[in-house]
Amino acid sequence: MFSFRSAAILLATPSVGAFTPTALWAQEAPADSDETRRIRQSGEIIVTGRSLATDEVTSHLPVQILAGDELVHRRQGGLGETLAGLPGVHLDSFGGGASRPVIRGQTVPRIEILSDGANLFDVSSVSPDHAITTDPLLLDGIEVQRGPAAVRYGGNAMNGAVNLIDSKVPKVVPAGGISGATEIRYGTGDEEKTLVGRVTAGIGQFAVHAEGARRNAGNYNVPKSFGSNELRDSFAENTTYSIGASWITSKGYIGGAYTRIDSQYGLPGHSHKNGVCHTHGLDLHCEAHDQFEDPFGSSDDHTAYIKLRSERADLRADYEDLIPGFSHVRLRGSYTDYVHDEIDGPALFSRYANEVWDGRLELTHKPLLGFTGTLGVQYTHGTFSGINVNDAHIPLALNQYGYARSVPDYVTENIGVFLSERRSFGDFDVEVAARKDWRKIDTPLPKWVEPWTDSQRAIVAMFDNMYGGPGTYQQRMAATFNSNNPPARHNPFSASIGATWRIDNGYSVALSLARTERPAGVRELYAYGNNLATNSYEVGLVNTRRLSSQLPLGRTDVMETTKSVDLTFRKAGGALEFEVGLFYQDIDDYIFARLIETETETGIPHHLLVYTAADARFAGIDGQVSYRFSPASRVTLFGDYIGTKLRNENDNLPRIPPGRLGARYQHSAGPVSGDVEYFHTFAQNKVASYETRTAGYDMLNATLSYRFDLGEDRSVEFYLRGTNLLNELAFAHTSFVKDQSPLRGRSIAFGMRHAF
C-alpha cells in the first residue's frame with residue numbers, strides 16, 4: 001500500500017543511474033519532483049513509492065524502478081521503447097509512435113498500465129498500432145512489477161503491472177515556494193526535437209503544478225541492408241500538457257489535474273489493399289465482387305497515420321490517520337475521453353473512442369491481532385467503439401441501411417472489491433490477498449438508419465410484406481444485431497499468498513502462489529472483420545458460428561484461469577547485489593488467435609484468425625546480478641528467458657520473446673558519469689504457424705553526462721545517449737509487424753536539463 005511518507009524514489013548513489021538488484025534505479029527524479037526534494041532535504045532514503053508493493057514489507061514479486069538519470073537517458077517517445085531492456089521486459093513495436101511493454105511474454109491486456117496507482121484507459125489493448133497514452137518525458141519514475149498484480153488491479157494485471165509515477169498532482173508545497181525544470185533534446189536518428197518544462201508553486205497549504213512537453217521526430221534511420229536508409233511512415237509527433245493543484249496538510253493532500261495528449265504518428269508498412277478481404281465460410285477471399293467492394297478504390301501509395309487525442313481528469317488523495325482505526329486512506333478517481341482517427345491519405349478508415357469513469361478507494365487498517373491490511377473497492381464504467389470498421393469514410397446511407405454497418409458501442413461496467421492482509425513472523429513476512437469482480441458488457445442497439453431512396457424503401461416494404469407486416473424487417477435486423485453482439489457477464493476471482501524470508505546480510509527469498517482469472521476482452525469476444533494494422537481478418541469468440549457452421553458454438557463465458565508460482569532470490573546491500581526471479585504459469589482457456597488460412601491474392605499476405613481458448617504453459621527466468629567495485633563503479637549482468645507450450649495443440653504461441661543476455665558497466669568521476677551496455681538477443685526459432693523465424697541481434701548502447709551543481713538543489717546537466725551503436729538490422733519477434741518495422745538504427749540523443 002502506498003504511504004504518503006514514501007512517495008518518492010531515491011537511492012544512495014546519486015551520480016550514476018543503475019539497474020540495481022532490488023531493481024530500483026533512482027537518483028533524483030527527473031525535473032526533481034517536490035516530494036523527492038522534501039525527502040532529500042530531510043536526509044531520508046526511501047526505496048520506492050509502494051503503489052504496487054506493500055508498506056514496510058518487501059514485495060514477494062520482482063519490482064523494478066526506472067527513475068532519475070537512467071529514466072531521462074533511456075526514455076523514448078513510447079513506453080515500450082523506454083522500458084525495453086529491463087530484465088523480463090521486451091517491446092511490441094509499431095514504428096516510432098506506438099510501442100507496448102511485453103512482460104514475461106505478455107503485453108496488454110495481460111499487463112495493466114497504471115497512472116499513480118490508478119488504471120490508465122486508452123485503446124492500446126485492442127491493437128498494436130494504438131499508442132499507450134503517456135509521455136515518458138514527463139514521468140518521475142516507472143515502476144514495473146513482474147508477476148500477477150491481479151489481486152489489486154484486476155484480471156488484466158495477471159502478468160504484471162506498470163505504474164507511471166508523475167507530479168501532476170502536487171503532494172507537498174515546494175521549499176522556497178517554487179521549483180521546476182526544463183529540458184531540451186535532439187536526436188540524430190530521426191531528427192528528434194524535444195522541449196520539456198514543468199513548474200510547481202505553492203503558498204501556505206496550496207500548491208499548483210503545470211507541465212508540458214513537445215516532441216517532433218521524423219522517420220527514423222534503419223541500416224541500409226533493410227533496403228532503405230529510413231523507415232517510411234515511422235514519424236511521430238506529440239504534445240502533452242497538464243495542470244494540477246492540491247490542498248496539503250500535515251496528514252496528506254487532496255488534489256486534481258487535467259491532462260491532454262495530442263499525437264500524430266505513421267503506420268509503417270500499412271496497406272489498405274486487404275480492406276476488400278471477406279469470407280465465404282472458412283475461405284478468405286481478397287478480391288472484389290458483387291457486394292464485396294474495395295472500400296478505398298484508390299492506389300496504395302498514401303501515408304497511413306493515426307491522429308490521437310486523449311483528455312483525462314484526475315482526482316487524488318492520500319491521508320494518514322484520517323479515520324479512527326485506519327492508518328491510511330487513498331482515493332483515486334478519473335474521467336478519460338479518448339478518440340483517435342486512423343487515416344489513409346484522404347480517407348478515414350477507422351475511428352476508435354473510449355470514454356471511461358473510474359473510481360477507487362483504499363483503506364488501510366491499523367494492526368489488528370498482528371495483521372495490517374488494505375480493503376479496497378473500485379468502480380469502472382466505460383463506453384468503447386471502433387472495432388470491425390475500416391471504411392468509416394463511406395457514409396452509412398450511401399450503400400446500406402439498418403443496423404449492420406452502424407458502429408456499435410460496447411458498454412462495460414465493473415465493480416471490484418479486494419482485500420490484502422499481512423503479518424510478520426520473525427524473519428518471515430506473509431501476505432494473503434483476494435479480489436472479486438462483477439463485470440458486464442452490453443451492446444445497445446445503434447441508431448436505425450432509415451432507407452433514403454425510393455428503391456431502398458421499396459426493398460424494405462417487400463421484406464416487411466414477406467416477414468409479416470410493417471416494421472418486421474427492422475425487428476429482424478435488430479435481432480440479427482443482438483445475436484452478433486450478445487451481452488457478456490463475468491465474475492472473476494483472484495487470490496494469492498506470498499511469503500518472504502529475510503535472511504541475514506541482505507539476503508532474502510520470496511515465494512508467491514496465485515490463482516488469477518481474466519475475462520475475455522471486447523476484441524477477443526466481438527471481433528468480426530479486417531484489422532488492416534495486422535493484415536488479418538479476425539473473428540471473436542462469440543462469432544465463430546457466424547463465420548462457419550464447422551466451428552464450435554460461440555462463447556461469452558471464456559475466462560482465462562492462471563495458476564502461477566513465482567520464486568525470487570534477492571541480495572541487497574554490500575558490493576554484491578542481485579535479484580533473480582523464476583516463474584511458472586499454468587493457464588486454462590488461454591485466449592489466442594488461431595490461424596485458419598493465409599490469403600495472398602493482393603500480394604500482401606492476409607490471415608484469417610479465429611480467437612479460441614486452449615491450455616498453455618509459461619515458464620522462465622529473469623533478473624540481474626551486480627557487483628560494485630567502488631562507490632563510483634559497478635558492473636551488472638542481466639538476462640531473461642521464457643518458454644511456452646500449447647497443450648493439445650499442433651502449434652506454438654505467437655510473438656513470444658526470445659532469450660536475452662547482457663552486461664552493463666557504469667562509472668562516475670565527480671560531475672562526470674557514464675555507462676556502456678551490450679546485450680545479445682537470441683534468435684526465435686519456435687514460432688506460430690503464421691510466423692517466421694526471427695534472427696538474433698547484438699545491441700550496444702552508451703551514455704555520457706556532465707552535471708554542473710549550482711547549489712540549493714539547482715543543477716544543469718548535459719548528456720548524450722547512443723543507441724544501437726553497431727547499427728544492427730534488428731527485428732522484434734514480439735511485434736505484429738516485425739518484417740516491415742525493424743528497430744531503430746544508430747542514433748545519438750543530445751540533451752540538456754536544468755532543475756531549479
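Because only heavy atoms are used, hydrogens play no part in the values below, and waters and symmetry mates are left out as well, while side chains stay in.
The side-chain heavy atoms of Thr134 and Ile113, taken from C-beta on, include no pair separated by under 4.5 Å. Using a 4.5 Å cut-off on side-chain heavy atoms (C-beta onward), Pro101 and Ile132 make contact. You'll find the side chain of Val542 stays beyond 4.5 Å of the side chain of Asn484, heavy atoms only. Tyr338 is not listed as a side-chain neighbour of Val356, based on a closest heavy-atom distance of 4.5 Å or more. You'll find the side chain of Ile387 reaches within 4.5 Å of the side chain of Tyr526, heavy atoms only. The side-chain heavy atoms of Ser564 and Arg104, taken from C-beta on, include no pair separated by under 4.5 Å. Using a 4.5 Å heavy-atom cutoff, the side chains of Ser420 and Val151 are not in contact. Between Leu567 and Val580 the shortest side-chain heavy-atom distance does not fall below 4.5 Å.
Residues Lys171 and Asp318 are not paired through a salt bridge, judged by the lack of any N-O separation under 4.0 Å between the basic side chain and the carboxylate. Checked for salt-bridge contact, Lys645 and Asp615 miss the test: no charged N lies under 4.0 Å from a carboxylate O. Salt-bridge formation is not detected for the pair Asp358/Arg360: no Lys NZ or Arg NE/NH1/NH2 atom is positioned less than 4.0 Å from an Asp or Glu carboxylate oxygen. By the 4.0 Å N-to-carboxylate-O rule, Arg660 lies close enough to Asp640 to be salt-bridged with it. Looking at Arg594 and Asp651, no side-chain N of the basic residue comes within less than 4.0 Å of a carboxylate O on the acidic one, giving no salt bridge. At a threshold of 4.0 Å, the pair Glu579-Arg570 counts as salt-bridged, since one of the basic side-chain nitrogens sits closer than that to a carboxylate oxygen. Salt bridge Asp92/Arg655: absent, no basic N to carboxylate O contact under 4.0 Å.
Lys563 pairs in a side chain to side chain donor-acceptor pair (under 3.5 Å) with only one of the listed residues (Thr516, Asp586, Asp588), which is Asp588.
Taking a 6.0 Å sphere around CH2 of Trp438, one finds it holds more than 12 heavy atoms contributed by other residues, nucleotides or ligands. No more than 12 heavy atoms of other residues, nucleotides or ligands sit less than 6.0 Å from atom OH of Tyr641.
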Go through Asp442 and Arg489 one step at a time and tell me if the salt bridge (charged side-chain N to carboxylate O under 4.0 Å, His left out) criterion holds. CA-CA 9 Å; Asp442 292 303; Arg489 302 289 185 267; 2.9 Å; yes
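Using bins of under 30°, 30° to 60° and over 60° for the plane-to-plane angle, the ring pair Trp501/Phe428 lands in the parallel bin.
A side-chain donor-acceptor contact under 3.5 Å links Thr500 and His60.
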